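All values derive from a computational prediction rather than experimental measurement. The figures here come from the full heavy-atom set of this structure, side chains too, leaving out hydrogens, waters and symmetry mates. So you know, we letter chains A, B, ... as the sequences are listed, proteins then strands, and number each from 1.
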Amino acid sequence: MIPYHEAVREALDQALEMDPAVFVMGQGTDDPSGMFGTTLNLHVKHGRHRVFDTPLSETALMGIANGAAMGGLRPVYFHNRPDFLYLAMDQLVNHAAKWSYMFGGAVNVPVVIWACIGRGWGSAAQHSQAPHGMFMHVPGLKLVMPGTGFDAKGLMLSAIADDNPVLIIEHRFNFRRRCQVPQSPYRVPLGKGVVRRKGRDVTVVGVSYMAAEAYQAAEELAGQGIDAEVIDPRTLKPLDEELILDSVKKTGRVVVADPGWKTCGAAAEIAALVADRGFADLKAPVKRVACPDLPTPAGFTLERAYYPGVPEIVSAVREICTGGPRG
Amino acid sequence: MIPYHEAVREALDQALEMDPAVFVMGQGTDDPSGMFGTTLNLHVKHGRHRVFDTPLSETALMGIANGAAMGGLRPVYFHNRPDFLYLAMDQLVNHAAKWSYMFGGAVNVPVVIWACIGRGWGSAAQHSQAPHGMFMHVPGLKLVMPGTGFDAKGLMLSAIADDNPVLIIEHRFNFRRRCQVPQSPYRVPLGKGVVRRKGRDVTVVGVSYMAAEAYQAAEELAGQGIDAEVIDPRTLKPLDEELILDSVKKTGRVVVADPGWKTCGAAAEIAALVADRGFADLKAPVKRVACPDLPTPAGFTLERAYYPGVPEIVSAVREICTGGPRG
Amino acid sequence: MAPEMALKQEQLVDLYYQMLRIRKVQLHIESLYHLDEMKTPVHLCIGQEAVAVGVCASLRRHDYVSSNHRGHGHYLAKGGDLKAMIAELYCKETGCSKGRGGSMHLVDTSVGLMGSSSIVGGGIPIATGLGLAIQMKNQDLVSVVFLGDGAADEGVLYESVNFAMLKGLPVVYVHENNRFSVCSHVSARHSGEIVFHSLPEDRLFSRKIDGNSVTDVYEASREAVERARSGMGPSFLECDTYRIRGHAGSGDSPHGYREEGEMCHWQARCPVATFRDRLVTQGLFTEHDMLDMEQRIQEEIEQAFEFARNGAYPREEDLHRYLYHG
Amino acid sequence: MAPEMALKQEQLVDLYYQMLRIRKVQLHIESLYHLDEMKTPVHLCIGQEAVAVGVCASLRRHDYVSSNHRGHGHYLAKGGDLKAMIAELYCKETGCSKGRGGSMHLVDTSVGLMGSSSIVGGGIPIATGLGLAIQMKNQDLVSVVFLGDGAADEGVLYESVNFAMLKGLPVVYVHENNRFSVCSHVSARHSGEIVFHSLPEDRLFSRKIDGNSVTDVYEASREAVERARSGMGPSFLECDTYRIRGHAGSGDSPHGYREEGEMCHWQARCPVATFRDRLVTQGLFTEHDMLDMEQRIQEEIEQAFEFARNGAYPREEDLHRYLYHG
Ligand SMILES: Cc1ncc(C[n+]2csc(CCOP(=O)(O)OP(=O)(O)O)c2C)c(N)n1
Ligand SMILES: Cc1ncc(C[n+]2csc(CCOP(=O)(O)OP(=O)(O)O)c2C)c(N)n1
Ligand SMILES: [Mg+2]
Ligand SMILES: [Mg+2]
């Protein structure tokens, strides 16, 4: 059992070890806190030229990562929070994501971007966003959202090995847990979700940290006679559509739990997928459990009302399993 | 009957006339082509201090617009294409959209941002994007996508009068049409959609230019015995959810036609809405007709394959009205 | 003529008072932060008071100030309401941002504080836009923005300064160079002296100032502000100072990333203590005056914390309020 | 010693040949554009050939060049394949970007052209990143980026130049100042001379060059490139030139936004014609040589257009190809 951040750090350490083309950069990656511990002292072991701090120039640095990738390297670019990615959008969306297609495959951009959602602690509107829905919209990007330390390590190693731009969005709450993580390097494939709990009555898709909440909700629901299947998609793009549709075939009911905003977010996509290709199996409305369409408030009383979790998942499931139309 | 661009220009002209706080800025707003004609010679009439060119500094200029709005003005900031908005994301999403909420209503940001989707002509991946799905995801922004000259004028006047940041995304193909537009100023309310064609069998929601394609598809389908209702939401945020749900109550079937990318886009949101609150009325899968998840290719043979239109709408409707499950 | 000669005695004492008040507010926050009643990340400006106070002393009530995550000093120096600030740190409905913003998002429109961004550099173009509004409305106002050495890495500064020069806007960019962005020294991020000092004065008035000398800051700022008021365009003032504490909170260790001796060097240059000594030496200020001032401030602070603690928390049913205006 | 003295006769003639070839390709595109067979927005570099040619003459085959929307000259001068470029303008599968990119997105990795962005300024940080890769891999290469006066408005330039100086990267920023961004004169966007010229030479080597003199461009570029190769860090070269045509296409009027006489002034300074005259005057070049060269180029161009026209269009079933790599 190791802390979550150790799992990420182990992946980076091994990637740096295995491939001289890999390097790690980002604000504070070489500082005493080492990006929540994920990059701690890697600069000592692998050298300051391979693990380095950057200026606060998110726009340029994203392009610099792109250029370095075109020049044959494999940059892993760390951001403290996804809130700062808005400054990098042009180079991420207009460049990294489009380069392979735009040049007919002549050049590719194997860059990994990492950022960690900063929920809680009164972080407020500009330091707590979970904007992965935006990036899920972008063709050419791969989007990874691990839910366990095992996946965080294996997905990081896959992301670094991938020949395309991969955005990894972590969730700070996942860092609270210790996890069983094999020491040797391994890969968790991009585009493959996982069933975290088998069940017959309803499918709960939990994105990132919400997979853990969904699991807990399922345990609670079991006591109420509802047998929920919990799916952790692990990567949102490509999305493991078949895993979700297969589950719905069995259960006929879906709740999507997402740490992002509701409108036009990841939950909307998964709901729309089921409403089309899974419609024949559906016995009840498709429910989304997500943050309301609001900037995050600072105060904890409002935070409490803002963030959904186990209770909201339980009640959404109950609504469609007991009270809902055609229920 | 006036050209489409005249409708927009008339709105700006009148807003500049009526309210000294209004000003128009953006690259080329004062040049001989006047932003597709929408700003043509407004600087001559209203003065160069109220209608002016800007440096190519999209990041700062968005913040400058925000600051000017906080200082009591009503900026209307023009971008040639939404592709360039990625450079303005931080000031748009982290600042304009959050300012009112973040300060408990103490300060608001009445700024209008305008951009025009540049479909076709081999514009390729960086000059043809329709990324409105991203902005629809953002709490605090209002998002307007007009489909007719009448709406373009009335929505522009509402947007300028609104006390919040409003993003207007136009579609270049709408500019091909001439339209009946009242000369005096009027407002089309934000958040109200409109039924463009009444029908009983299926609801087709057409966003922006796709409303026109949907209308044409409906006419074609009428000849095949399918009576389609066409809805133009006009604003995507706030979205006129009741109008769509009321229609589905009647028809039981929905196709959403959107000029943007499919995954996590506006069509996903509308499909998810119906799959939840309209589920009891649904007789068939909810279909999305949208661009595939690809950067736009330059070549016209690929463009032809890339962009959906009347044929794709017709076939999606036919699929759920004749062949589909529970059809 | 030494700069302080231009300042009247009361003004000098007031500069000291302002700095001391900010310092004592910070220390009070720091001493209580571990109780976890202020559930919001605080960024203290201990050791940097002279920058906020010197600049704001050159401003009028309605002049604009744009601040950042480390904004307590700017807010107080500009005349922001102390009670409302502390209540905001407690995330109360009585806070200046009604508990929605927290420590990094302070606002007081009555004194030209139109909100502060916690996105580093976020305030720079906003201040520039306020300058544009001033110019377009022909107002007798100035717009000032405080930006850190981290913010100076951001391209938006280059774009904003260019725009301000292009239009001759009444904007003063105050570069509060405290050497660090979190644990990253400025030398790890910037390749040498910032480029804006090399522009000709008619395009951009620029000065490098001892940011721990409140009178130096005041004098330079006064000149910049006067230029702005008289239509001579923007200025760039770099105030050399030092972040004596950790980046955030009260437990954040200030060590592990500094040059040896640096801390001692700067502690000896404390802007509050050195200025007090000067005033005492010059006989403008007695031990008794000081005790009196300290006590007044202490009382005000305690009242502010009392006010904050007594305030109600925002109600859950108000979660959606303020998303849109009007 | 006049700069051209350092160049051998064949080199001078080759500089002329390169410029003439680019000019003639542009004119050919222009003359056929109205047929609407090239369904992609073209941005001609007529009048700016000396910048591309002078810079690329100082580079080696594998050195990197990052270009932009107005990239035909850069592509050809660096040695990009003419046939593949014209085929790309026809959006054919045989185009350098397989018809996916069009005129604004040219690529030829065999000569260090790693793709061009049509987002103004987009190539700047990418070139900087290529420079970082060169440095990290310890390669004997240089990374050059061509950027317009419009791109010089973007903050990403400031950020990139700072990073390149900080790390001492082998990057040459070539500011191709043709006065205009679409119809907007540089004076409407930039507040005076760009700030990078005022940095000390050990941080950033900078030069202002007559961008219509191919030898001046070559000499300055050679110096910058040599510095980069020997680890002396980045350079900034401003090439003064003029966009003699409209912004895009062939119908785009070049008029309605220029100072009177400006056009005549610059037409007289045509980089191709003036250099030819110089070579003829110096006796390095006869009328016969010229006709011969023109004819060779003309043949090559016609073959390239022939190749382009004969190529197949991308097939609809290949729409999804190349989204991901590997
Ligand atoms: C754009 C952006 N990048 C990174 C951060 C994370 N961050 C918060 S405060 C801070 C330090 C900024 O340093 P500086 O501007 O010098 O201000 P100081 O903290 O020294 O007052 C950083 C990097 C951020 N908030 N915004
Ligand atoms: C970020 C961005 N803003 C605006 C545009 C629209 N645009 C395309 S080309 C161009 C002109 C750019 O001028 P300059 O950089 O001087 O290059 P030139 O056309 O003169 O070669 C503009 C504004 C764009 N493509 N990208
Ligand atoms: Mg600092
Ligand atoms: Mg130009």
Side-chain angles (χ1 to χ4, degrees), chain A residues 58-59 83-87 89-95 97-98 101-102 124-126 129 131 133-140 236-237 239 256 260-261 263-280 282 284-288 292-295 297-298 324-326, chain B residues 58-59 83-87 89-95 97-98 101-102 124-126 129 131 133-140 236-237 239 256 260-261 263-280 282 284-288 292-295 297-298 324-326:
Chain A
E58 288 86 353
T59 309
D83 308 64
F84 315 146
L85 289 176
Y86 298 126
L87 285 160
M89 285 295 262
D90 173 62
Q91 281 293 331
L92 191 52
V93 177
N94 273 332
H95 296 86
K98 296 183 175 30
Y101 192 86
M102 200 155 69
Q126 296 176 328
Q129 290 166 84
M134 280 197 183
F135 298 104
M136 189 171 178
H137 189 49
V138 178
L236 288 179
K237 201 155 195 171
L239 180 66
V256 190
W261 292 306
T263 294
C264 247
E269 176 55 33
I270 295 170
L273 165 74
V274 175
D276 179 3
R277 294 178 52 209
F279 183 76
L282 271 184
V286 181
K287 288 286 166 193
R288 288 180 273 173
D293 289 337
L294 293 173
R326 306 195 207 178
Chain B
E58 287 86 353
T59 310
D83 308 64
F84 314 146
L85 289 177
Y86 298 126
L87 286 160
M89 285 295 263
D90 172 61
Q91 281 292 331
L92 192 51
V93 176
N94 272 333
H95 295 86
K98 297 183 175 29
Y101 193 85
M102 202 156 67
Q126 296 176 329
Q129 290 165 84
M134 280 196 184
F135 298 103
M136 190 171 176
H137 189 48
V138 179
L236 288 179
K237 201 155 194 171
L239 179 67
V256 190
W261 293 308
T263 295
C264 248
E269 175 56 31
I270 294 169
L273 166 75
V274 175
D276 179 4
R277 293 179 51 209
F279 183 76
L282 272 183
V286 180
K287 288 286 167 194
R288 287 180 276 174
D293 289 337
L294 294 173
R326 306 193 207 177

Heavy-atom pair count under 4.5 Å with chain A, highest-scoring of B/Gly260, B/Ala272, B/Cys264 = B/Cys264
Chain B contacts, top residue of A/Arg277, A/Lys237, A/Gln91 (heavy-atom pairs, under 4.5 Å) = A/Lys237
Residue pair B/Lys287 / B/Val256, side-chain heavy-atom distance below 4.5 Å | no
Below 4.5 Å from any heavy atom of chain B, which atoms of A/Met102 appear? Answer side chain, backbone, both or neither.
-> side chain
Any donor-acceptor pair under 3.5 Å from A/Lys98 side chain to B/Pro295 backbone = no
Pick one of side chain, backbone, both or neither for B/Ala125, based on which atoms fall under 4.5 Å of a heavy atom in chain A.
-> both
Separation between CG of A/Leu92 and OG1 of A/Thr59, rounded to the nearest 0.5 Å = 11.5 Å
Identify which part of A/Gln129 has an atom lying under 4.5 Å from any heavy atom of chain B, answering side chain, backbone, both or neither.
-> side chain
Side chain A/Asp90, main chain B/Leu87, donor-acceptor under 3.5 Å = no
With a 4.5 Å heavy-atom cut-off, do A/Tyr86 and B/His95 have their side chains touching?
-> no
Interface residue of largest heavy-atom contact number with chain A, from B/Ala267, B/Ala268, B/Ala266, under 4.5 Å = B/Ala268
Relative to chain A, which of B/Ala271, B/Pro131, B/Gly133 shows the most heavy atom pairs under 4.5 Å?
-> B/Gly133
Between A/Trp261 and A/Leu294, is there a donor-acceptor pair closer than 3.5 Å when you use the side chain of the first and the backbone of the second?
-> yes
